[in-house]
K.L.:
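Quick one: the structure is below, questions incoming.
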Amino acid sequence: MTHGNGALEIDTITKRYGDTVALDGVSVDVRPGEILGFVGSNGAGKTTTMRIALGVLAADSGQVRLDGRPVDLDVRRTIGYMPEERGLYPKMKVGEQLTYLAELHGLRRAAARRATARWAERLGIAARLTDPVDALSLGNQQRVQLAAALVHDPAVLVLDEPFSGLDPVAVDVMSDVLREKARAGVPVLFSSHQLDLVQRLCDRVAIIVAGRMRTVGAVAEVRRGAGVRLEVHAPAAPRGWADGLPGVTVDGTLDGRTTLLLDRHANDQDVLAAALATGPVHGFTLRTPSLTDLYREVVA
Amino acid sequence: MTGPLPATRAIALVARREFRAQVVKKSFVISNVIVLLVIAGGIVAFAVFGGAGEEERPGIGVAGAGPLAAAVTGAGDRLGLPVDVRALDSAQAGRDAVAAGELEVALVPAADGAVAIVDEEVPAGLRAVLDAALERQSRDAALTGLGVDPSTLDRGTAPAVLTVDALDPPDPEAGQRTALSLVALFLLFGQILGFGTYVAMGVVEEKSSRVVELLLSTIRPLHLLWGKVIGIGTVGLLQLVLYGVVGLAAGIGSGVLTLTGTAVGVFAGVLGWFVLGFAFYAVLYAAAGSMVSRQEDVNSTAGPLMLSLFVLYGAAFYYVGSPDATLAVVLSWIPPFSAILMPLRIADGSATGLQIAGTVGLMLAAVAVLAWVGARIYERSVLRTGTTVPWREALGRSRR
Ligand SMILES: Nc1ncnc2c1ncn2[C@@H]1O[C@H](COP(=O)(O)OP(=O)(O)OP(=O)(O)O)[C@@H](O)[C@H]1O
Ligand SMILES: [Mg+2]
């Protein structure tokens with residue numbers, strides 16, 4: 001059983017489309033039991049990376065390994081994949097389709113049927129098993145698509161924008177499923193533009209910019225690494241009061257409120273002292289940037 | 001839990017899905033019911049109404065002056081089959097007129113009755129007229145010439161014999177053989193074209209619905225291709241069997257078909273050659289389907305295949321028209337022409353066992369080569385979306 005005991009390693013992958021370099025030496029490891037959020041602007045290369053990981057696309061160079069073993073078809077069969085462009089047979093019944101896909105991933109018929117029933121129940125589509133896929137709403141088709149990625153009890157999950165188009169309840173179900181899979185030791189890689197969700201759900205985050213991996217790290221660490229934001233309300237402070245404090249950059253001043261960016265070398269207590277020296281201080285608020293702020297900075 | 005997936009199981013799974021997807025289509029079921037009704041109904045109707053014949057008065061020439069001409073005219077009128085009778089200068093003149101198609105029958109009096117010169121055979125109705133005329137004439141001759149009591153007539157006169165002299169004696173089976181050939185031709189052509197198109201459409205459907213990306217993350221493109229070809233081809237074969245069995249049953253049951261052995265042989269030949277011809281074309285149709293992303297673009301790449309099928313169809317008609325032409329015989333060896341010409345040669349009885357074995361071998365070799373080429377195109381094109389992949393690029397060297 002290959003179940004959840006190896007990392008998915010994407011190692012220095014390069015992919016060109018004619019003159020465009022879609023991926024330039026992209027590397028990232030997804031460790032067993034962790035959820036890794038893959039973020040980046042449109043066209044940054046997320047989908048290309050995932051398709052290469054699934055062997056649907058060939059890289060120009062680089063390698064993808066699972067548990068140290070290059071990913072071939074037999075390994076690929078143990079991956080649960082949700083392609084960006086959803087794909088199911090539109091006229092085929094939901095239940096038959098899920099069973100078929102489970103069998104194509106190596107399950108025997110009876111096991112495939114049981115897994116279909118279980119995941120349909122879990123994802124709230126049990127009542128639709130005998131309907132053709134194209135009779136379902138988009139969100140429900142999305143749930144079927146997720147079921148298709150899960151129905152063979154995969155050892156790795158690679159999901160391209162799994163949350164797009166889901167209602168809040170479905171988002172919760174999806175989140176629970178991902179957490180549960182990770183707890184079972186499965187490496188989970190998913191891409192998303194919903195950064196609050198990534199921040200909430202992921203252990204680590206990988207930010208890709210124009211085909212290059214910019215940052216990979218624990219969400220909290222990445223947030224801290226980017227420095228903190230300090231808002232000081234000192235109505236009597238003159239312009240430029242904070243200039244010259246080590247590691248401090250003034251971001252802006254409005255109505256006596258100054259926003260400062262502090263890097264790792266800054267000392268917030270020195271800042272407070274400098275502020276008090278100008279007169280009364282009514283507010284002193286420390287903010288760790290959200291992933292969204294951070295992302296804006298990284299991508300800008 | 002996921003397990004290994006041997007190639008045979010992967011192909012079988014795909015084939016089973018394709019088979020089921022095909023046979024549950026409502027349009028497919030309905031069209032089959034209609035076709036079966038047409039086959040059975042057509043054959044039975046032919047048995048009931050067929051052979052009603054031509055309405056034109058048959059022309060009969062009678063050589064030598066004498067009462068025979070009048071007897072024929074009289075007999076025709078009496079039997080409700082009026083005939084045109086004309087006098088002939090000689091037996092040879094009658095022969096020429098029959099050969100030229102001017103006369104149906106040339107009647108030449110003989111010592112024991114008369115000789116009927118015909119092209120192929122005496123038409124059934126006319127036979128009765130001629131027999132009646134001969135009998136009447138010999139009876140009159142007996143009455144007037146010999147003064148015999150009419151009551152002893154039947155014993156006293158030698159029976160008038162009608163000897164038939166056919167210029168071009170018919171092969172009693174030729175009609176049925178031709179019919180069988182044409183049926184075989186239509187069936188093969190329709191089945192290969194129809195089911196080849198289903199393959200192309202199925203490939204495009206997987207491409208346009210993007211399910212192919214999911215499928216190819218777990219099975220090889222070749223397995224998907226062969227599963228599809230086998231699944232859809234099986235439906236085509238079973239449909240052919242169904243058509244054949246219903247056709248044979250209706251034909252034999254209604255008496256239209258008497259050449260049971262030949263018919264079954266032709267039927268078996270059609271099934272075998274469908275498998276070969278379909279395999280030949282199906283991979284190409286799959287390749288053509290994989291090169292486009294939208295259903296409406298299929299014609300742009302499948303067009304050449306359809307064209308080549310029409311060329312085959314034309315060659316088959318050429319063969320039916322002149323089965324002994326060298327070109328026709330040579331073509332029947334060449335794949336894919338053999339797929340449609342060999343069943344015809346089996347039907348008309350001109351194919352030897354050796355030729356059948358040889359052409360099957362050649363065809364198998366051609367299928368193997370094309371399967372390789374088609375699979376290559378398919379593998380390279382099936383994940384490309386957007387614009388139609390040109391044939392040149394699909395065949396050239398590139399990677400996905
Ligand atoms: N088939 C293709 N032909 C040419 N260029 C392509 C092709 N597919 C992708 N690209 C290019 O590769 C780059 C990466 O695209 P990719 O789809 O991986 O981005 P993404 O990060 O998934 O974006 P999005 O958030 O919009 O889904 C883009 O510049 C894109 O234009
Ligand atoms: Mg994408």
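Small disclaimer: the values here were computed from a predicted structure and weren't measured.
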K.L.:
List the steps, then state whether side chain to side chain contact (heavy atoms under 4.5 Å, CB included) holds for B:L5 with A:H105.
P.N.:
CA-CA 7 Å; B:L5 189 72; A:H105 281 88; over 6 Å; no
K.L.:
Less than 4.5 Å apart, side chain to side chain, heavy atoms only: is that true for A:Y100 and B:V14?
P.N.:
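Side chain of A:Y100 against side chain of B:V14, heavy atoms only: contact under 4.5 Å found.
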K.L.:
With rounding to the nearest 0.5 Å, note down the distance linking OG1 in A:T99 to CG in B:L13.
P.N.:
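Nearest 0.5 Å value for the OG1-CG distance: 11.5 Å.
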K.L.:
Is A:R109 in contact with chain B via its backbone, its side chain, both, or neither, using a 4.5 Å heavy-atom distance?
P.N.:
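Both the backbone and the side chain of A:R109 come within 4.5 Å of chain B.
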K.L.:
What residues form a ring-ring contact (aromatic ring centres under 6.0 Å, His included) with B:Y378, not counting sequence neighbours?
P.N.:
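In terms of ring-ring contact (aromatic ring centres under 6.0 Å, His included), with neighbours along the sequence ignored, B:Y378 is linked to no residue.
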K.L.:
Which of residues 15-30 of chain B get closer than 4.5 angstrom to chain A, counting heavy atoms alone?
P.N.:
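At a heavy-atom separation under 4.5 Å, chain A is reached by B:R16, B:R17, B:E18, B:R20.
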K.L.:
Side chain to side chain contact (heavy atoms under 4.5 Å, CB included) for A:E84 and B:R210? Distances and angles first, verdict last.
P.N.:
CA-CA 10 Å; A:E84 172 176 60; B:R210 306 304 179 103; over 6 Å; no
K.L.:
So which of B:S217, B:S208, B:P6 has the largest heavy-atom pair count under 4.5 angstrom toward chain A?
P.N.:
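The residue among B:S217, B:S208, B:P6 with the greatest pair count is B:S217.
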K.L.:
Roughly how far, to the nearest 0.5 Å, is CG of B:L214 from CD of A:E85?
P.N.:
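Here the rounded value is 13.0 Å.
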K.L.:
Which of the residues B:H223, B:R9, B:R220 is involved in the greatest number of heavy-atom pairs with chain A at under 4.5 angstrom?
P.N.:
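With the most close heavy-atom pairs to chain A, the winner is B:R9.
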K.L.:
Assess whether atom CZ of A:R65 is packed by more than 12 heavy atoms of other residues, nucleotides or ligands within 6.0 Å.
P.N.:
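Yes - once you tally the heavy atoms of other residues, nucleotides and ligands closer than 6.0 Å, there are more than 12.
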K.L.:
Kindly check if the number of other-residue, nucleotide or ligand heavy atoms within 6.0 Å of CZ (A:R122) is above 12?
P.N.:
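Yes, enclosed.
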K.L.:
If the condition is ring-ring contact (aromatic ring centres under 6.0 Å, His included), which residues does B:F278 pass it with, not counting sequence neighbours?
P.N.:
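Expected list: B:F274.
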K.L.:
Tabulate, in ascending numerical order, the residues of residues 135-148 of chain A having at least one heavy atom closer than 4.5 Å to a heavy atom of chain B, or enter 'none'.
P.N.:
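So the qualifying residues are A:Q145, A:A148.
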K.L.:
So with a 6.0 Å cut-off around CD of A:E180, is the heavy-atom count from everything else above 12?
P.N.:
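More than 12 within 6.0 Å, yes.
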K.L.:
Counting only non-hydrogen atoms closer than 4.5 Å, does A:R51 touch chain B with its backbone (N, CA, C, O), its side chain (CB onward), both, or neither?
P.N.:
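Side chain only.
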K.L.:
Which bit of B:E205 is near chain A, if near means a heavy-atom gap under 4.5 Å: side chain, backbone, both or neither?
P.N.:
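Just the side chain, heavy atoms under 4.5 Å.
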K.L.:
A:R76 versus B:T218: any side-chain heavy-atom pair under 4.5 Å?
P.N.:
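No, their side chains stay 4.5 Å or more apart.
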K.L.:
By a 4.5 Å heavy-atom criterion (distance strictly below it), what part of A:I79 contacts chain B: side chain, backbone, both, or neither?
P.N.:
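When you check distances to chain B, no heavy atom of A:I79 falls under 4.5 Å.
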